Amino acid sequence: MVKAYGQEHVYKHPWERVTSASWRKFSDPENKRTLSHIVEVDTLNHKLDPESGKLYTTRAITVHAPGPWFVRKIIGQDICHCVESTVVDARTKSMQLTTRNISLKKFLEVEEKIRYDPHPDNPNGWTVCRQETSIRIKPLSALASMAEKVEQKCAEKFMQNSAKGREVMERMCKYLEAESRGIAM
């Protein structure tokens, strides 16, 4: 069984500000309370392709294991390690992030894709964020009804965390807007 969902959100901020906020959301101390499921974020590499102008970045993200408490008890682990791959194309104003878990894979597979693009109705002022997430519980495949319930609980937790992430992004965008105007917050 696979639980998949998609979300779309419009930031009423220009693409440059939203993508800057995306890079800074984990490092801002004020956001650590809101994003309490994030334990650590480390940049593993980054490369700017001189021909295409695209920036390629890979980050390691450590999170508290998703899902209900009893799943963490069963698997005996409270931490999950993930890899985030990002491609930024400043020429076409596109930022794409793909995050996958690299630990707990024999129990759970999660893939999250996020894309930031200028909004077609206001490309200089707004940014559209499209997020797709798929969650697959593996060892419970034979117990389909239980797997569905666990996947649903995981999806609910991911959606709660997505809402927190949007809250942080909005706060970071407002901070960056004030910073660009020379206003202290």
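Quick note: numbers below take in every heavy atom, side chains included, and nothing from hydrogens, waters or symmetry partners. Here, residue 1 is the first one in the sequence, and each next residue gets the next number. In this text, all values refer to a predicted model and were calculated from it rather than measured experimentally.
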Neighbour count above 12 (heavy atom, 6.0 Å) for Glu132 CD: no
Atom NZ of residue position Lys12 - does it have more than 12 heavy atoms of other residues, nucleotides or ligands inside 6.0 Å? no
Do you reckon Met159 sits in the same ILVMFWY cluster as Ile135, going by side-chain contacts under 4.5 Å, direct or chained? yes
Could you give the distance from NE2 (His9) to CZ (Arg130), rounded to the nearest 0.5 Å? 13.0 Å
Name all pairs fulfilling the salt bridge (Lys or Arg N to Asp or Glu O under 4.0 Å) condition that reach into residues 26-36, sequence neighbours left out, sorted by first residue then second. Glu30-Arg171
Let me see the working for Asn31 and Phe26 under side chain to side chain contact (heavy atoms under 4.5 Å, CB included), right down to the final yes or no. CA-CA 7 Å; Asn31 296 335; Phe26 295 129; over 6 Å; no
Main chain of Arg59, side chain of Thr43: is a donor-acceptor contact present, judged purely on distance under 3.5 Å? no
Where do Glu16 and Lys93 land on the salt bridge (charged side-chain N to carboxylate O under 4.0 Å, His left out) test, with the steps shown first? CA-CA 8 Å; Glu16 295 81 1; Lys93 291 190 176 182; 2.8 Å; yes
So, are Arg166 and Glu170 salt-bridged, with charged N and O less than 4.0 Å apart? no
Mind checking whether Lys164 and Leu35 have side chains closer than 4.5 Å, heavy atoms only? yes
Please determine which of Asp89, Val87, Leu55, Val88 meets the side chain to side chain contact (heavy atoms under 4.5 Å, CB included) test together with Met95. Val88
More than 12 foreign heavy atoms under 6.0 Å from NZ of Lys113: is that the case here? no
Would you say the side-chain atoms of Asn124 pair up with the backbone N or O of Pro14, donor to acceptor, closer than 3.5 Å? no
Heavy-atom side-chain contact between Lys3 and Arg136 under 4.5 Å: no
Ala21 to Met172 - nearest heavy-atom pair and separation: CB-CB, 3.5 Å
Does the Ser103 side chain pair with the main chain of His81, one donor and one acceptor, at a distance under 3.5 Å? yes
Check: Thr133 and Glu111 side chains under 4.5 Å, non-hydrogen atoms: no
I want to check something: taking the side chain as every heavy atom from C-beta on, are Asn45 and Tyr56 in contact at a cut-off of under 4.5 Å? no
Do Gln131 and Ser162 have side-chain N/O donor and acceptor atoms under 3.5 Å apart? yes
When you compare the side chain of Thr58 with that of Glu84, does any pair of heavy atoms fall below 4.5 Å? no
Side chains of Ile114 and Cys129: closer than 4.5 Å at any heavy-atom pair? yes
Please determine if Asp117 and Arg115 form a salt bridge, counting it only when a charged side-chain N lies under 4.0 Å from a carboxylate O. yes
Look at the aromatic rings of Trp126 and His119 and report parallel, tilted or perpendicular, splitting at 30° and 60°. perpendicular
Is Arg24 paired with Glu179 through a side-chain N to carboxylate O contact shorter than 4.0 Å? yes
Report yes or no: do Ile38 and Val168 belong to one cluster of Ile/Leu/Val/Met/Phe/Trp/Tyr joined by side chain heavy-atom distances under 4.5 Å? yes
Would a distance-only check, ignoring hydrogens and angles, find a side-chain to backbone donor-acceptor pair under 3.5 Å from Thr127 to Trp15? yes
